[in-house]
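Just so you know, these numbers come straight off a predicted model, no measurement behind them.
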Amino acid sequence: MVELRALNYPDDLKLVRKVLLKIVIDHAKLEASPDLESDDFVHQVMHASSGGLGLIIQLIRAACEHALRRKSSFVEKSDFEFAYGLSGCRESQNIFKTTAWKSIDPNNALGETLARVFKLEAEKADAMKAAKKEVK
């Protein structure tokens, strides 16, 4: 078993930038908009993925897939906004949509999604119980 350490800023900045460009350019055969190579953007990618290399790769691939679906030859920051939004986070908690992204805990996105699902399930169960009572 191999345990991978979480990547961190600024120590792993060059590695993550290299992975990002490799996936965008070599794998997806797309171009990266210039802002994707900035230290700040690469830091956002690392933060959004909690430093997990596998999550970083998934996020980059999802952004590339979104660019391809848009029939674009470029991957842009908006593609990362969309890909991160798939986590179910509120727009105000999308790390790629706000200037205060460092204050956002990326782990909250899953928690918020699960809370919404549990609330909807509870409401559905209550409605079914109420409907059964009316039928009797």
Side-chain angles (χ1 to χ4, degrees):
M1 181 184 292
V2 176
E3 184 177 337
L4 299 175
R5 68 170 175 79
L7 303 177
N8 62 63
Y9 178 86
D11 298 339
D12 298 306
L13 190 64
K14 287 182 182 179
L15 171 67
V16 175
R17 182 180 292 114
K18 183 178 178 179
V19 168
L20 188 148
L21 295 175
K22 180 80 169 171
I23 292 170
V24 170
I25 296 167
D26 294 347
H27 297 183
K29 305 294 186 212
L30 296 167
E31 296 179 51
S33 65
D35 58 324
L36 298 191
E37 295 185 53
S38 74
D39 288 357
D40 195 51
F41 181 79
V42 176
H43 189 185
Q44 280 181 291
V45 170
M46 294 169 75
H47 181 72
S49 305
S50 300
L53 182 58
L55 293 174
I56 290 169
I57 291 169
Q58 286 180 331
L59 177 62
I60 297 166
R61 286 183 174 170
C64 289
E65 184 176 326
H66 187 254
L68 289 167
R69 288 177 189 241
R70 292 187 304 106
K71 299 186 185 321
S72 176
S73 59
F74 280 90
V75 176
E76 302 171 351
K77 186 174 182 177
S78 62
D79 296 309
F80 282 85
E81 290 174 8
F82 177 84
Y84 188 78
L86 294 174
S87 69
C89 67
R90 289 178 283 145
E91 281 203 40
S92 64
Q93 296 293 298
N94 189 317
I95 289 171
F96 296 97
K97 286 189 174 189
T98 180
T99 57
W101 59 268
K102 289 178 186 175
S103 66
I104 297 172
D105 181 354
N107 297 317
N108 289 342
L110 179 58
E112 288 177 4
T113 301
L114 292 175
R116 282 195 299 267
V117 168
F118 291 138
K119 182 180 177 189
L120 289 172
E121 289 296 318
E123 290 171 355
K124 183 178 173 183
D126 290 345
M128 289 177 72
K129 285 179 188 176
K132 284 182 182 178
K133 284 183 182 178
E134 288 180 14
V135 171
K136 291 182 180 182

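Across all their heavy atoms, I56 and G51 have their closest contact at CD1-C, 4.3 Å. In this structure, F80 and F96 approach most closely via the heavy-atom pair O-CD1, 3.7 Å. Of all heavy-atom pairs between H47 and I95, the closest is CD2-CD1, 3.5 Å. Nearest heavy atoms, A83 versus A63: CB-N, 3.7 Å. The shortest heavy-atom contact between V42 and L36 is CG2-O, 3.7 Å.
With sequence neighbours excluded, no residue forms a side-chain hydrogen bond (donor to acceptor under 3.5 Å, both in side chains) with N94. Every residue two or more places apart in sequence or in another chain that forms a side-chain hydrogen bond (donor to acceptor under 3.5 Å, both in side chains) with H66 is listed here: D79. Residues passing the side-chain hydrogen bond (donor to acceptor under 3.5 Å, both in side chains) test with D26 are K22, sequence neighbours excluded. With sequence neighbours excluded, the residues forming a ring pair (Phe, Tyr, Trp, His ring centres under 6.0 Å) with H43 are Y9, W101, listed by chain and number.
Every pair passing salt bridge (charged side-chain N to carboxylate O under 4.0 Å, His left out) that includes a residue from residues 35-52 is listed here, sequence neighbours excluded: R17-D39.
L55 belongs to no hydrophobic cluster with other residues, because no ILVMFWY side-chain heavy atom falls under 4.5 Å from its own, directly or through intermediates.
In this structure, the side chains of H27 and I60 stay at 4.5 Å or more apart for every pair of heavy atoms.
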